[in-house]
Participant: 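Below you will find the structure I want to go over with you.
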Amino acid sequence: MPRTNRARALLLALFLLLTTSQILCAQSPNAWNPAQSDQWVAVDQLGRALPANADVGDIRPDKYIACFYFLWNGRHGDAGPYDITKILAEHPEAKDDPDSPLWGKLYAPHHWGESIFGYYVGEDESVLRKHAQMLGDAGVDVICFDVTNQLTYPESYRPLFKVFSEMQQAGNKVPKVAFLCPFGSPNKVVRELWREVYSQNFYPDVWFYWKGKPLILADPDYLSPALRLTSQNCVPIEIGKGDVLAQTFRAKSQFNSVNVCAPTWNDTNSALSITLLDADGNVVLKVDSYDVVDNLGFELPLEKPAPTGEYTIELRNVGQGRVGCWSRNVAGDDYTAAANQTHKVAAIDWLGATKNGQKLASVLMTSVSLYDEELDNILNFFTFRPSQPDYFIGPRKPNQWSWLEAYPQHVFYNDQGEPEEVGVGVAQNATDGKLSVMSNPRAYGRSYHNGEEPAPEDCNYFGMNFQEQWDRALELDPEIIFVTGWNEWIAGRFDINAPFHAPTPVTFVDQYNEEFSRDCEPMVGGHVDDYYYQMIANIRRFKGVSKQEPSQTAAITLDGAFDDWTAVRPIFFDTACDPVHRDCRGWGKGMRYFNQTGRNDILETRVSYDNANVYFYLKVADALQGDLKSDNWLALLLNTDDDVSTGHYGVDYLIRANAEGTSFELQKVTNEGETAGVQSVCKVDSSAKGAELELTIPRKALGLDAVAPSLNFKWTDGLDPLGDWSVYTTDGDAAPNDLYFYRYQAN
């Protein structure tokens, strides 16, 4: 990349050092996160248990996970919400009726389903806080924002940056952020992000660094209009062995790179020698051999900007494969006027083209990038990783990344030839081996596997497509895996004339319904949170899992002093600053979400035992709020048989307030499923003071007669512990989060 001088490079390096040393420390992958969420246990609602250290081995600190993330919810109109899954469930005939009143207007956003958080919008800080927590718990290192449609959505990324920074400052490890820019024309978006985010040092603690610099998913070769060379309306001029093809031009402004678009006639081993000469024949740039990709424009940077004047670009075949240069015919006696009209490049006059010294009535598809101080700063600031938009052809040059591919995915290599990245997707808008639309019943949906999409009656939500892709990625074992995706949710409606392969009467491109969609964020109904836990299971297989600290017990006395808990291990931590407080508009007109169930912020808990009892300790962020008479006050949930098919989501016992609100009591869960009942077993002694609580439970009452007890447990506050699965995510505070449990195994 061009560098104007050493001083600027040194200043830039100093800026990065001063503003990011803390960021780099916080990004260390050696620990999953401070709460050690990789040690938490969970079984999804399909009965699949998360792997543990014994299943996948120790942490691999050189492995990373990226996840595609969307900022556009609530940014494209307020009509609806139109939920396609719900519409088709009640009116399946609507899929063939573009005039059905059930649909929104043409191009209007439609939801493929409903999130666990409802039809939320991008500035909802309660949802953003849960995203930070859930993705951090999962082991996601970076979320990559979709800004490929030339919009950056500052109304969404600004509150997200703020919330993620707050969560991080509270001691949580949350994903960092990066932007995935338009594939072929990123210039507008990259410059907007530079001006509004990076040059302004806007929340630098949440930026994701890759290879020592902030990551941006954009092609640096396309950051200037002059770089977008094309073969459209062109003819190829082949360069044989010994031939010299040359283009002479006058630069009326400084420039800092030379650009060429060359055909190879599908040869894959073609290379060019490129020389840039000034008017006196001095060599300004010389590349002895550059590997050319057929019809793909490339940039050759100069060490420093070249001054105004006349120059010549010479192209030679280095003797391997066919290669040439695209050109456009120039008619008339005034070559410069005609060539400038045929191939317009700002501040450039084309003076002539030759082949082996013979004049050509053509202008070559060569160009230069004019010196641009802002662009120079941008090129020096970021690590660039262009995204490959196609799902089938794989990388076309080094340092590309995939955001989504059809199985079997390719490995994408860095410029050292090392396997760096592989994409993993839940589903793909592809049909017949081509990019297509999700509304086509032959698209690659969630159930797609072994090369085919099952009939609708044979579809299921075991994540067959997702798992097939994960297995491929784990086999390839790159440095980073890119998961698509988390929270896209919406797609615009098109008609049968949509310019996409295999459109349908009612056409939706990237999302359609429950089967033909690609989000992992839990949904209401349908597959609920199964894809979230499937993603976590595979992240653990990729990154490994830490070992739990050996247990240490101590003699416990319930006296409210709590100093006897100091030596007890392990300490089970929970996310800080995550009790639910929500008050924000939803999608559409008149919709608002309000939830103030958050109360006590649970931070840590411990377990000890002796021959007679099991003891539990709890610490919250501030003095305990509420008491035994409060609705849904603190509750301890126990799974004593390590079986999620018994009790309520595996909960066999509850410790919570008795009916009178006078003391804690042990309750046996008597009914299974979503309408669990309880039966009182015995009183539970407790002691609370300030932000701490301790209680004791007779081992005999729990059936824990073994010398070294083992059990799964969690604490809740501000929610119904026998409620629907979703309340552990949407209400109050749960420790650990969502449907996770801590695993206590005495030595």
Participant: Mind checking what makes ring pair (Phe, Tyr, Trp, His ring centres under 6.0 Å) contact with Tyr107, not counting sequence neighbours?
Facilitator: Phe494
Participant: Kindly write out the residues that satisfy side chain to side chain contact (heavy atoms under 4.5 Å, CB included) with Asn149, not counting sequence neighbours, or none if the list is empty.
Facilitator: Trp72, His76, Leu151, Tyr153
Participant: Considering residues at least two apart in sequence or located in another chain, which fulfil the salt bridge (Lys or Arg N to Asp or Glu O under 4.0 Å) criterion with Asp529?
Facilitator: none
Participant: Looking at Asp432 and Arg442, is any side-chain nitrogen of the basic one under 4.0 Å from a carboxylate oxygen of the acidic one?
Facilitator: yes
Participant: Ring centroid separation for Trp210 and Tyr64, is it under 6.0 angstrom?
Facilitator: yes
Participant: With sequence neighbours excluded, what pairs up with Asp44 under the salt bridge (Lys or Arg N to Asp or Glu O under 4.0 Å) test?
Facilitator: Arg48
Participant: Excluding sequence neighbours, so at least two apart, what forms side chain to side chain donor-acceptor pair (under 3.5 Å) with Ser387?
Facilitator: none
Participant: Phe68: what forms a ring pair (Phe, Tyr, Trp, His ring centres under 6.0 Å) with it, not counting sequence neighbours?
Facilitator: Phe70, Trp403, Phe482
Participant: My understanding is that only residues two or more places apart in sequence, or in another chain, count here; which of them pass side chain to side chain donor-acceptor pair (under 3.5 Å) with Glu421?
Facilitator: none
Participant: Can we say Arg396 and Asp294 salt-bridge, meaning some charged N sits less than 4.0 Å from an Asp/Glu carboxylate O?
Facilitator: no
Participant: What I want to find out is whether Lys162 reaches Glu166 closely enough, with some N-O distance under 4.0 Å, to be called a salt bridge.
Facilitator: yes
Participant: Residues in salt bridge (Lys or Arg N to Asp or Glu O under 4.0 Å) with Glu114, at least two apart?
Facilitator: Lys86
Participant: Is the distance between the ring centroids of Phe462 and Tyr531 less than 6.0 Å?
Facilitator: no
Participant: Can you list everything that forms a ring pair (Phe, Tyr, Trp, His ring centres under 6.0 Å) with Tyr512? Sequence neighbours excluded, please.
Facilitator: Phe508
Participant: Just wondering, do Lys176 and Gln168 contact through their side chains at under 4.5 Å, heavy atoms?
Facilitator: yes
Participant: Give the intermediate values and the outcome of ring pair (Phe, Tyr, Trp, His ring centres under 6.0 Å) for residues Phe516 and Trp112.
Facilitator: CA-CA 8 Å; Phe516 297 105; Trp112 70 258; over 10 Å; no
Participant: Only pairs at least two apart or in different chains count here, so list each salt bridge (charged side-chain N to carboxylate O under 4.0 Å, His left out) that has a residue in residues 67-81.
Facilitator: Arg75-Glu123
Participant: Sequence neighbours excluded, which residues qualify as side chain to side chain donor-acceptor pair (under 3.5 Å) partners of Ser726?
Facilitator: Asp724
Participant: Under 4.5 Å between any side-chain heavy atoms of Asn429 and Val437, yes or no?
Facilitator: no
Participant: How would you list, by chain and number, every residue that makes a side chain to side chain donor-acceptor pair (under 3.5 Å) with Gln133, sequence neighbours excluded?
Facilitator: Lys130, Asp137, Asp738
